[in-house]
Protein chains: 2
Amino acid sequence: MLPKEVTIKYIAEKANVSIATVSNVINDKGRVSEKTAERVRSVIQQYQYQGNLAAKNLRTNKSYLFGVVVSVTQPERKLKDNPFYWELISGIEAEASGYEFSIVLKGIDSAEELSAFINQRNLDGVIIVGAEENSSFVKVAEESNIPAVYIDSYLEDVSLYQVRIDDKQGGAAAAKHLLQLGHRKVALLSGKLTYNSVNHFRWEGCKEELSAFDSYDESLLIETDTSAEGGYAAADDIIEKFPEITAVICFSDITALGLYKRLNEKGYEIPKDLSITGFDGVYFTNYMIPELTTIKQDVGKKGVTAVNLLFEQIKSNAWPVENRRISLPVYLVEGESTAPL
Amino acid sequence: MLPKEVTIKYIAEKANVSIATVSNVINDKGRVSEKTAERVRSVIQQYQYQGNLAAKNLRTNKSYLFGVVVSVTQPERKLKDNPFYWELISGIEAEASGYEFSIVLKGIDSAEELSAFINQRNLDGVIIVGAEENSSFVKVAEESNIPAVYIDSYLEDVSLYQVRIDDKQGGAAAAKHLLQLGHRKVALLSGKLTYNSVNHFRWEGCKEELSAFDSYDESLLIETDTSAEGGYAAADDIIEKFPEITAVICFSDITALGLYKRLNEKGYEIPKDLSITGFDGVYFTNYMIPELTTIKQDVGKKGVTAVNLLFEQIKSNAWPVENRRISLPVYLVEGESTAPL
DNA sequence: CTGAAAGCGCTTACAG
DNA sequence: CTGAAAGCGCTTACAG
């Protein structure tokens, strides 16, 4: 004869104590005699009491909820197909779960939506992926005054917590690798090249290295959608307009996937006719044929790190400014998609 | 001079009405004169009032939260790499968002965890992927007495809401296709073949069709992990132990991906040496080389449908039992990975 | 060591 | 049409 809901009041009655005492036992607070505590615990056990987080939230203003905000495709309003997101969320979810926090996944298109999301849900923190400088998302997150971590966002404000990788070095590593193999005509296949985006820094890294060999050519910089479709569509540009190209640096594995496909249709062989590098090192790169040479980052760790930075903010906002930007390492993983010229 | 939190009380003061009236305006309930309502609305607008869902939840017992439960790999406790999940969640998120519901994504390994998750969060509904008959997950969901929808679960209890595809027909379609092409020695590459799993039905479909041509051979049924690694690992079995095989039906695109890789390493050509089919039709199948012939399902729609079934339960539990199981269509998409023998 | 009481921000009968 | 009051399930001073 369990009641419909086992509440703290119910437990208190069964254990012959006040609800205050039950609360103290649950939260290990105040002084409670071991004898009483023991009794309360056994009643909790017996009735399988599970606290009501909404009530707790209302009282303490903590929701034990982190929001994860990703942008969505327009106009379909779908999450993007890039496995990068899934690996990221996998890391976030695993780390947050370990601390009894849950993850609310939200595709957002407008600042108002973000504001409502953060405030109505009383989120304890929010992780925002790929925010741009001066974006309304950043403003909203700052105004709402909750712990926030930006992933893959190059925001100048030093007070913001950010997790990223060394994109510039990654770009440089890819370029260096191809230069060493003798390539001098290298196309760069970038996603949208907005100011201070990850693409921007990957591009800078490439540019610096290529320039050192006098091999940087602005006309070989191609912007396309960061998707398999985008890589596929860009292939024709590359092979038709610039037949002199011998290598392509893709700023994302997913564009390399599309590029592979189109090149294959056109009868090109990789790496014989064209060397190709990717970026991210998502799981499928190991299964591409030929295996993709790529700039590997630990996407899951990015998520884990973001969660930890959220916890730092919850604990205190005194975390020194110098420690608020974390840059994770990247390294070249040599596959079979690059060859000496 | 906004207060730290704009509450209903604050709005009531500014609008010179009671909080009850504010509440009525917000929820379009009770009788409020248009004049008053207008005033209240403008104050809400002015102070950008955003309700507190925790308070609302406590009072109404509705959280506007749906849980999505996926199983995790052991022992790493990671979400699985299969893009199937991402596409599914994409559909769920988009549909739920349209109704102001948010999605809590949770990797779960134990029934206790699931129970705590559902009850503490006051979830309004839960979507469970791939539950097995008699699994403790199903018991927990039933006991907790909240709307639940099972995806890709063949549960016998007719009162349960389930969304799936016609797995048997899908398996049959793959087999039929290969038989038509003249194949008679066909291996089946399945994930774990537990009773009443999707794999089980895909297998049944294959078996029936193959048997009709006297071509079913139990020894050609191979179980492996549903992952690219699983497909990769199974390849050696297939080509070494059973050189007579001319085609492989993979019960998942992701295993086909791994299989492709290993076959390529071994010098096999697809479809010349071996015809291959996949299952699911996830985005990357269009980019496999050769393009994978696969049994396509609309994964996003599966998610959308599950959310709608959740809403049906919220509205009433009187939904006729016959309508509680929804089976979505599948169809063969012919790629380039299958050829006449 | 223990409990009575206030209060978090809402909604919902109910009275007027 | 409008508002005072109770109450959802907790936590937290505070008093004893």
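Lettering of chains follows the sequences in order, A, B, ..., and the numbering in each one begins at 1. In this text the structure is predicted, and so the values were computed from the model without any measurement.
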- prompt: Any side-chain N or O of B/Thr21 under 4.0 Å from OP1/OP2 of D/dG3?
  reply: yes
Here the distance between atom P of D/dG9 and atom CG of B/Asn57, to the nearest Å, is 11 Å
**Report entry** N or O in side chain of B/Lys29 less than 4.0 angstrom from C/dT12 OP1/OP2
**Finding:** yes
Practice problem: State whether B/Thr36 places a side-chain N or O below 4.0 Å from either non-bridging phosphate oxygen (OP1 or OP2) of D/dT2. | Solution: yes
From CG of A/Asp28 across to P of D/dT12 the rounded distance in Å is 13 Å
Worksheet item: Hey, does the side chain of A/Tyr49 come within less than 4.0 Å of D/dC10's phosphate (OP1/OP2), counting only N and O?
Response: yes
Would you please confirm or rule out a distance under 4.0 Å between OP1 or OP2 of D/dA4 and any side-chain N or O of B/Ser18?
-> no
Open item on the list: At less than 4.0 Å, is any side-chain N or O atom of A/Asn27 found next to OP1 or OP2 of D/dT11? Yes or no.
Closed with: yes
**Message:** For D/dT2 and B/Ser33 - does any side-chain N or O of the residue sit under 4.0 Å from the phosphate oxygens OP1/OP2?
**Reply:** yes
Worksheet item: If you look at every strand shown and take non-hydrogen atoms under 4.0 Å, does B/Ile19 touch a base, only sugar-phosphate, or nothing?
Response: base
Checking N1-N3 plus N6-O4 or O6-N4 for Watson-Crick, or N1-O2 and O6-N3 for wobble, each under 3.5 Å, the partner of C/dA4 is none
Looking only at D/dC10, D/dC8, C/dA4, the nucleotide nearest the A/Ala55 side chain is D/dC10
B/Lys56 NZ to D/dG7 C1', in whole Å, measures 17 Å
